[in-house]
Structure formats: structure tokens, C-alpha cells
Amino acid sequence: MERSSEEVIPSEAAVLITHRTDPIRYNQNLDPRLISTSSLSRPEWPTIDGPLGLSEQDAVGYARKFFGFGFVLLPLLWAVNCYYFWPVLRHARSFPQIRPYVVGSAIGFMVFSAMLASWALTFTIGGERLFGHTWDELVMYNVADRYGLTGWI
Amino acid sequence: MDQNPRPTGILHSLGEEIIRIITPVSICMFLVVILVSILDTNSSNFSSFNTIATIAYDESTSDSEWDKFKGALLNSLVFVAVVTVVTFLLVLLFYFRCTKFLKYYMGFSSFLVLGFMGGEIGLFLIQVFKIAIDSFTYVLLLFNFTIVGVLAVFMSKIPILVTQSYMVIIGVLTAYWFTMLPEWTTWVLLVAMALYDLAAVLLPGGPLRLLVELAISRDEDIPALVYEARPIVDPRRNSIVQRRIWRNVDLESTESSQNQRIIANAEEGQRIITNAEEGQRIIANAEEGHELTAPLIERIRDHGLVGENLGLEGIGLGSSGAIKLGLGDFIFYSVLVGRAAMYDYMTVYACYLAIIAGLGITLMLLALYQKALPALPVSVLLGVLFYVLTRVFLEEFIVQCSSNLLMF
């Protein structure tokens with residue numbers, strides 16, 4: 001097992017251990033003569049994985065697909081889209097092609113989760129007083145008992 | 001954030017890589033222990049737990065210990081036989097280049113695990129905690145969870161953290177399912193799988209060895225459920241530090257079928273292969289300009305590491321320095337610790353330490369021998385040994401000390 005020590009990653013353990021590859025930090029660690037060309041408002045990589053993620057050209061297709069499929073009652077996909085393209089969201093005016101989809105995903109996710117949360121909270125807090133008989137029919141543990149859903153194992 | 005490289009060398013980078021693989025294993029074990037503690041299934045009606053692992057003998061508490069042991073042995077033999085057949089099937093399919101089929105099969109099995117197992121465990125939790133969630137919300141959340149999970153397993157263009165989390169979750173769910181087997185069957189099954197792994201990797205006719213040799217000769221990746229740690233990126237040069245020192249492979253197929261429904265989980269077992277290509281190349285030195293960065297990193301990715309989840313690499317360093325561990329390892333380690341949790345937390349601590357020590361030993365052996373090695377045996381056998389020793393000796397000691405107010 002041989003590794004030349006000077007080529008091993010040095011002190012950026014803190015960056016790596018937290019499993020976050022913030023592209024801005026990469027820019028800051030680059031050669032000084034490159035820092036002037038890559039300003040902080042222009043991250044290099046559109047995805048949160050930095051150089052391990054997508055390049056900008058590929059990213060447009062994926063952002064569009066995630067945004068589109070999120071309409072099939074998949075708000076989690078929108079959330080994943082926002083998380084994945086977090087540098088795009090954070091830095092306005094960067095990646096103009098990707099940005100509309102990511103912003104759309106963010107808005108969609110917030111709207112959907114607001115609706116879902118309000119419905120779920122109404123159901124939980126309202127309980128039988130609000131719904132009457134149907135509350136018992138809708139609540140999950142009764143549904144599970146009625147159809148024997150936990151007996152499959 | 002200094003630019004000067006510290007002379008830390010191997011310990012720094014290898015230690016970090018090991019941490020990146022021990023963390024998810026620990027999280028998986030921890031979650032299984034919590035699930036087992038919360039959902040006490042011993043008291044439930046699990047005498048009707050019909051699976052392929054209990055097809056030969058259904059353990060009941062009234063049998064004598066020797067009967068239980070014989071029954072468990074029978075069960076394990078049946079299970080190992082099924083696993084062997086399925087692995088040979090996998091080798092055959094891989095030989096005939098049915099990679100697409102294998103990928104779809106993987107996606108399907110993860111759909112089943114996440115959808116059905118996840119749904120049922122969610123229902124158990126709802127019943128235990130009396131959470132007043134309605135069916136629409138629950139079905140919607142489950143649907144989201146499952147679909148995004150299948151995408152995370154299928155595609156590689158999902159955030160690495162999401163993919164890793166879903167791998168751990170699949171491991172947790174499958175391991176929890178295994179802990180529902182009867183006790184003696186579980187322990188004998190663990191030992192049997194460890195021995196099977198040993199045989200399948202080291203014997204010349206072993207299916208896993210054949211699979212790995214096929215993969216190496218074609219320079220392809222086996223489609224498999226594999227956890228892949230984040231490769232270390234050299235921040236000085238904004239590129240992936242490439243180390244083709246080892247190329248390790250883990251593979252194993254397990255199949256479990258039930259009377260009421262067939263779940264075919266093709267997870268990967270343990271097989272470690274080292275490809276002794278020494279040297280280390282820094283790709284795309286950013287000082288030469290950004291134009292070189294993108295195409296060269298594409299080329300690294302095309303080698304299938306962070307690639308289309310066709311990673312068969314198990315424990316060890318893939319060609320980009322990313323450690324990969326087969327999901328079968330996660331599952332069986334967690335089963336061991338989960339089963340230990342069903343007795344007492346003392347055994348949990350002992351088994352956890354044993355497994356982590358086994359993992360470390362396996363990595364060291366890997367560095368030493370540089371050839372195909374199974375990673376399941378050392379950890380599992382150490383774990384079982386520590387469980388038995390703890391139950392027999394340590395518990396007695398601790399109880400006596402506590403009751404005599406000597407030590408708590």
C-alpha cells in the first residue's frame with residue numbers, strides 16, 4: 001500500500017468529514033491566480049456534490065426531469081431537487097438555465113407541504129369532534145387493523 | 001484551511017476513509033437496535049412467521065435445546081443452499097450480460113423492501129405510538145419515500161447523501177425482517193452465512209469468486225446494491241484523488257421467500273478483491289485550467305465508481321479511492337446486533353465492538369494479502385463469540401457485582 005504523502009489530501013479534513021463539498025470552499029482553495037476569475041457569486045458546480053456531481057450541461061436535463069416528475073404527487077422529489085441543486089438556489093443569477101426548475105421545485109415543495117401539513121394537522125387535532133364517524137374510518141391504525149395490513153410478515 | 005500539506009500521509013486519509021464506512025455501519029446497527037427495542041415482537045404472534053429460513057423447522061419455545069439446535073441447523077442449511085443457487089444464477093446472468101435485467105431486478109427488490117417492509121414497520125410504529133395519522137397522508141408519504149428510494153438506487157445522479165441514506169434504510173429494513181426469525185435459527189444462520197461467504201470467495205469453484213473474476217476480466221461492474229462512501233476530493237486541486245491501489249469487490253445474493261408473498265432481494269454479499277495497481281494520480285490539476293477538469297472527471301466517473309450504481313465493489317477502495325461495502329454486510333452485522341439487543345444491551349455493546357474490530361481486521365488483512373477476501377466471517381464469528389461469552393460469563397459477573405454493590 002503506497003501513497004506519496006504530498007499528494008494526500010492535507011488539512012481539509014473538516015471539509016470532507018462533514019460530507020459537504022461546498023463549491024465555494026473549493027474556489028477559495030484554488031490557486032490564487034484563479035480566485036480572481038472565479039468570484040464567490042459564481043460557484044463552479046451546480047450540484048451539492050461539487051466535482052462529484054453533475055456538470056452544468058447535464059444538470060439542466062436532470063433538473064427538468066425532477067421538476068416534471070414531482071407533479072405526480074412527489075413533493076419529496078422536489079425537495080431532493082432543491083437539495084441537489086442547492087448552489088443554484090443560493091446564488092441568484094448563476095446557472096440561468098437550471099434556476100427556473102429549481103426555484104419552481106422549491107415553490108412547489110413548500111406549497112404542497114403546506115397543504116399536506118394543514119390537512120394532517122386538521123385531521124390529528126380535530127379528531128372525532130370534527131369528523132365524527134369518518135375519523136375512525138380514516139385513521140391509519142384502524143385501517144391497518146381492518147384490512148390486516150400488519151399480518152403480512 | 002492552509003495550503004501546505006501536512007505530513008500526515010496514510011493515517012490521515014485512510015483513517016478518514018475507514019470512518020466513512022464505519023459511520024453508516026454503526027448508524028444501521030443503531031437503528032436496528034432501536035427498532036428492535038421499540039417493537040417488541042417476541043410477545044406477538046410470530047409463530048406463524050413462515051419464510052424460507054424456517055421452512056424446515058419452526059421453532060417453538062417448548063422444544064429442548066438440542067432439538068432447537070438441530071432445527072436451526074436444518075433451517076440454515078436450506079437457506080444457504082437457496083443462497084448458493086441464487087448466486088450461481090446471478091453468475092450465469094452476468095455471464096450472459098443480462099446487466100439490464102439485473103438492474104431492474106435490483107430496483108424492483110428495493111421497491112419491495114422500501115414499500116412493503118417500510119410500510120409495515122411504519123404501521124407498527126403508528127400502532128405502538130398511537131399516532132393519529134390518516135390513511136391518505138400515510139399512503140402519500142410512503143409512496144414518496146418508496147419512489148424516491150427506488151430512484152436513488154437506480155440512478156446515480158441523485159445527491160450522494162440521499163443515496164447513502166437509502167442504502168442504510170434498506171439495510172435496516174431487511175435486517176429488522178431477519179431479526180424476526182426464531183432465535184436459534186438466527187444465530188446458526190449467521191454462522192452458516194459467514195462460513196458460506198468464506199467458501200464462496202476462497203474456494204476455486206465458489207460463485208462469488210467466479211463472479212468477481214468475470215467482472216475483472218471484462219473490466220465491468222456487477223449491478224448490485226452497494227453502499228459507497230464519498231470519495232475523497234483533493235480540495236487543493238478540485239479534483240478526485242485517484243488511487244488504483246485496491247479494487248475490492250463484495251457480492252452476495254440472498255433470497256428470502258415467504259408463503260404469502262415472494263420477496264426476492266438480491267443484495268450483495270462479501271467478497272474482496274484487490275487489484276494491485278499501485279500508484280496514485282491526481283487528475284485534472286486545476287492549475288492547468290478549468291477546461292481539463294470536466295472531461296477528465298467524466299472519464300473517472302465512467303469507470304463506474306460513482307457510476308450507474310453498477311458498483312460491485314465491496315469493502316475497500318474503488319478506483320477513485322471511494323470505499324464501498326456490500327449491503328449484505330450491513331444487513332448481517334445489524335441482524336447480529338439486533339438479535340443481541342433482544343437479550344440485553346450489554347450484549348449489544350460487546351457485539352458492536354466485536355463487529356467493528358472484525359471490520360478493521362478485515363481491512364488490514366486486505367492490505368496484507370491483496371486478494372479476494374470475504375469480509376463477513378471475521379466480524380460475524382467474533383460477534384457470535386462475544387455474544388456467547390457475554391451471556392455466559394460477563395453477565396454473571398456484572399450481576400454479582402451489582403447485587404453486592406461492588407460496581408454498577
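We name chains A, B, ... by the order of the sequence lines, and we start the count at 1 in each one.
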Are the side chains of [X] and [Y] in touch, meaning some heavy atoms are under 4.5 Å apart?
X      : Y      : value
B/P159 : A/V80  : yes
B/I147 : A/L76  : no
B/Q127 : A/D145 : yes
B/L151 : A/L77  : yes
A/W119 : B/F136 : yes

Nearest 0.5 Å please: distance from the [atom1] atom of [X] over to the [atom2] atom of [Y].
X      : Y      : atom1 : atom2 : answer
A/M140 : B/I131 : CE    : CD1   : 12.0 Å
B/D134 : A/Y141 : CG    : OH    : 11.5 Å
B/M155 : A/K65  : CE    : NZ    : 6.0 Å

Choice from A/A144, A/A120, A/P75 maximising heavy atom contacts with chain B below 4.5 Å: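 Most heavy-atom pairs under 4.5 Å with chain B: A/P75.
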Sort out for me which of A/I125, A/N81, A/L73, A/V143 touches chain B most, counting heavy-atom pairs under 4.5 Å.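 Ranked by heavy-atom pairs under 4.5 Å with chain B, first place is A/L73.
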Interchain contact, A/L74 with chain B, by part (heavy-atom threshold 4.5 Å):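 Both the backbone and the side chain of A/L74 come within 4.5 Å of chain B.
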Please classify the contact between A/F69 and chain B as side chain, backbone, both or neither, with a heavy-atom cut-off of under 4.5 Å.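 When you check distances to chain B, no heavy atom of A/F69 falls under 4.5 Å.
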Taking all heavy atoms of [X] and all of [Y], pick out the closest pair and write down the distance.
X      : Y      : answer
B/A132 : A/W135 : CB-CZ2, 3.7 Å
A/V139 : B/I133 : CG2-O, 3.5 Å
A/F66  : B/K157 : CZ-O, 3.7 Å

Option that, when pairs with chain A are counted at under 4.5 Å, heavy atom only, ranks first among B/I158, B/T23, B/V139, B/V162: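 With the most close heavy-atom pairs to chain A, the winner is B/I158.
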CZ (A/R146) with more than 12 external heavy atoms under 6.0 Å: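 Yes, the 6.0 Å shell around CZ holds more than 12 heavy atoms from other groups.
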Report which part of B/L140 has an atom under 4.5 Å of a heavy atom belonging to chain A: side chain, backbone, both, or neither.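 For B/L140, side-chain heavy atoms alone lie under 4.5 Å from chain A.
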